[in-house]
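What follows is one structure encoded as structure tokens, with my remarks underneath.
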Amino acid sequence: MGHYKSNVRDLEFNLFEVFNVQDSLGTGPFEQADEDTARGVLSELNNLATGPLAESFADADRNPPVFDPKTHSATLPESFKKSYQALWDGEWYRLSLPDELGGFGIPPSVQWAAAELILGANPAAFMYMAGASFAAIMHKNGNEEQKRWAQITIDRAWGATMVLTEPDAGSDVGVGRTKAVLQPDGSWHLDGVKRFITSGDQDMTENIMHMVLARPEGPGIESKPGTKGLSLFLVPKFHFDTNTGELGERNGAFVTNVEHKMGLKVSTTCELTFGQHGVPAQGWLLGDVHDGIAQMFQVIEHARMMVGTKAIATLSTGYLNALAYAKERVQSADLTQMTDKTAPRVTITHHPDVRRSLMLQKAYAEGLRAVYLYTATFQDQITAGAGDVKLASAINDLLLPIVKGVGSERAYEQLAQSLQTFGGSGFLQDYPIEQYIRDSKIDSLYEGTTAIQSLDFFFRKIIRDKGQALGFINNEIQKFLDNEGGNGQLKEGRAALAQGLQDLQGLLGTMIGFLTSSQEDVRNVYKVGQNTVRLLLSAGDVLVGWLLLRQAEVALAALAANPSAKDKAFYEGKVAVANFFAKTVLPELTARRKVAETTDNALMDVDESAF
């Protein structure tokens with residue numbers, strides 16, 4: 001058995017009992033798939049994830065890629081290559097492809113449920129498999145020839161990267177200086193240095209297609225500041241025959257460093273240098289249009305969903321590993337007999353604080369899983385073109401910072417609880433938790449830090465949207481509160497959720513007040529900035545609380561139908577965790593609201609030297 005403990009039962013519960021995604025199967029773009037197909041995908045992939053895919057997880061961490069600066073190449077450990085090959089041979093890269101590129105025709109909700117299994121077992125494998133999903137974006141945005149390149153990328157199993165960050169720019173992408181100079185033949189020569197490029201080099205695929213943001217220069221091209229002046233270019237590692245895909249000469253995009261990291265070590269994080277080693281870095285403008293940041297955001301949004309799902313997948317296996325250990329670890333007497341030295345020793349699941357910690361881990365693991373799958377149901381609607389697609393797109397946009405930002409923050413926080421469950425043993429490499437923590441820390445950092453996600457959430461997804469998407473979610477929660485389902489057994493949970501929603505709205509109202517008053521005193525915008533992360537995490541907690549209670553309502557109905565003993569325990573767990581979260585976490589929002597209401601600028605007035 002490998003390290004990975006999956007939870008297919010909960011994935012299926014969310015998909016088919018809570019969100020009823022089967023209702024959209026067999027229609028439109030999902031015509032090829034039915035419920036049995038979706039369940040089969042999860043079952044088959046689970047066998048791969050818990051077996052060959054998970055097998056190299058620890059070895060690839062202990063024996064990370066080796067970079068050769070002379071050849072600008074990275075060599076990956078053989079154990080990981082074997083796992084990756086098993087993933088590719090199963091054609092799981094087709095999960096994210098549209099029908100016209102050979103996809104399976106299953107909705108995004110099922111795709112992301114399947115992605116959780118891969119990301120939980122060996123996240124770097126999912127990242128190296130990005131060539132196919134990036135090719136789909138290339139196909140969607142490219143000219144006719146580039147559409148052919150997209151098919152070649154898939155057919156020949158090439159890798160791909162998203163290339164944004166520069167050493168001096170960091171998250172401020174708009175100040176990037178990498179340039180692309182127009183050539184007489186219509187191609188472009190790129191010049192500059194990028195860093196933190198995931199999968200920038202590896203020795204598993206014959207070619208890599210870099211998708212690079214750069215500033216175009218040439219006759220008739222207007223220079224624009226910030227992100228509006230960036231265009232997106234396709235820059236292959238090797239030139240290739242555009243009809244057959246057969247490789248030609250080396251292009252001038254060279255890896256000049258592979259970072260030494262605290263975790264996720266088998267995923268090469270590279271410095272990529274263009275046009276500075278005697279070979280031009282030749283690229284082609286995607287779609288023949290200068291619309292780089294909008295095109296790249298199609299990649300970024302996919303990446304943010306992936307990061308959140310990865311974090312939640314890691315928390316889930318961390319919790320399940322901790323739970324299994326706690327059920328076997330015998331230590332101390334029951335607290336009611338702690339003064340009796342002859343009392344029998346019990347498993348640590350008998351101890352109140354261990355139970356509290358485990359239930360909190362369960363709440364966030366299962367609640368956040370529901371959040372990303374709920375988000376994916378709106379992606380289902382967008383893909384199918386069903387209902388109000390514009391509103392569905394706005395809701396998806398609103399929820400992405402929660403999936404990514406809250407998912408990554410809460411996962412890292414609760415994985416520390418998972419390790420704590422093991423006691424001193426958790427600090428050892430005998431168990432996977434210490435690697436989970438190291439591997440998951442990056443999730444709150446890349447694709448926009450939590451602070452950046454929170455600024456996006458408030459200023460773009462709420463203020464600029466004029467609260468339309470948020471209003472929809474609030475109405476959905478209010479409908480649930482008014483419903484009174486669950487035979488009165490969720491009454492206290494509903495009351496806590498109602499108060500939590502009220503506190504969230506009050507917190508948001510306070511921040512909007514700060515923003516409005518900043519028109520008279522610009523420094524009041526600092527008060528907004530001090531609370532955006534608090535708002536994001538609070539919105540995440542309300543969503544988790546609501547979705548756990550929705551699950552509990554479904555579970556209570558199932559319990560009334562006399563389920564099997566195994567299902568009975570599963571459904572009882574759903575009711576217990578929903579009530580626990582409502583009673584112990586949602587009340588914290590009242591304090592957070594108070595903190596926001598009393599915000600002043602004392603923090604901003606402290607001199608730097610005092611820190």
Straight-line distance of [X] [atom1] to [Y] [atom2], nearest 0.5 Å:
X	Y	atom1	atom2	answer
Asp541	Phe581	CG	CZ	4.5 Å
Asp61	Ser79	CG	OG	10.5 Å
Asn122	Ser267	CG	OG	10.5 Å
Leu543	Ile473	CG	CD1	6.0 Å
Leu117	Asn7	CG	CG	9.5 Å
Leu335	His351	CG	NE2	8.5 Å

Under 4.0 Å between a side-chain nitrogen and a carboxylate oxygen: does that hold for [X] and [Y]?
X	Y	result
Glu55	Lys82	no
Asp353	Arg356	yes
Glu17	Arg550	no
Asp439	Lys265	no
Lys81	Glu78	yes
Glu91	Arg94	yes
Arg494	Glu553	yes
Lys310	Asp443	yes

Can the ring centroids of [X] and [Y] be said to lie less than 6.0 angstrom from one another?
X	Y	result
Phe80	Tyr128	yes
Trp88	Tyr93	yes
Tyr319	Tyr364	no
His3	Tyr431	no
Tyr446	Phe196	no
Tyr374	Trp546	yes

Nearest heavy-atom pair of [X] and [Y]: which atoms, and what distance?
X	Y	result
Phe57	Pro123	CE1-CD, 4.2 Å
Arg438	Met262	NH1-O, 2.9 Å
Gly448	Arg304	CA-NH2, 4.4 Å
Ser199	Ala160	CB-O, 4.4 Å
Ala326	Thr421	CB-CG2, 3.9 Å
Val255	Gly200	CG2-O, 3.6 Å

Next on the checklist: Run the side-chain hydrogen bond (donor to acceptor under 3.5 Å, both in side chains) test on Thr449 and Gln453 for me, step by step, so that the C-alpha distance in whole Å, both residues' side-chain angles and the decisive distance to 0.1 Å come before the verdict.
Outcome noted: CA-CA 6 Å; Thr449 62; Gln453 298 295 326; over 6 Å; no
Backbone of [Y] reached by a side-chain donor or acceptor of [X] within 3.5 Å:
X	Y	value
Ser83	Pro52	yes
Thr317	Lys5	yes
Asn46	Leu42	no
Thr268	Asp201	yes

Next on the checklist: Please determine whether side chain to side chain contact (heavy atoms under 4.5 Å, CB included) holds for the pair Asp430 and Ser425, giving the CA-CA distance in whole Å, both sets of side-chain angles, and the decisive distance to 0.1 Å.
Outcome noted: CA-CA 7 Å; Asp430 299 14; Ser425 296; over 6 Å; no
Item to check | Stepwise salt bridge (Lys or Arg N to Asp or Glu O under 4.0 Å) check, Lys461 with Asp456 | outcome: CA-CA 6 Å; Lys461 307 306 170 57; Asp456 175 64; 2.7 Å; yes
Side chains of [X] and [Y] in contact at under 4.5 Å (non-hydrogen atoms):
X	Y	answer
Asp99	Phe30	no
Ile437	Lys441	no
Lys261	Pro64	no
Ile197	Glu271	no

How about [X]: does its [atom1] atom have over 12 heavy atoms from other parts shown lying under 6.0 Å from it?
X	atom1	result
Gln420	CD	no
Glu476	CD	yes
Glu492	CD	no

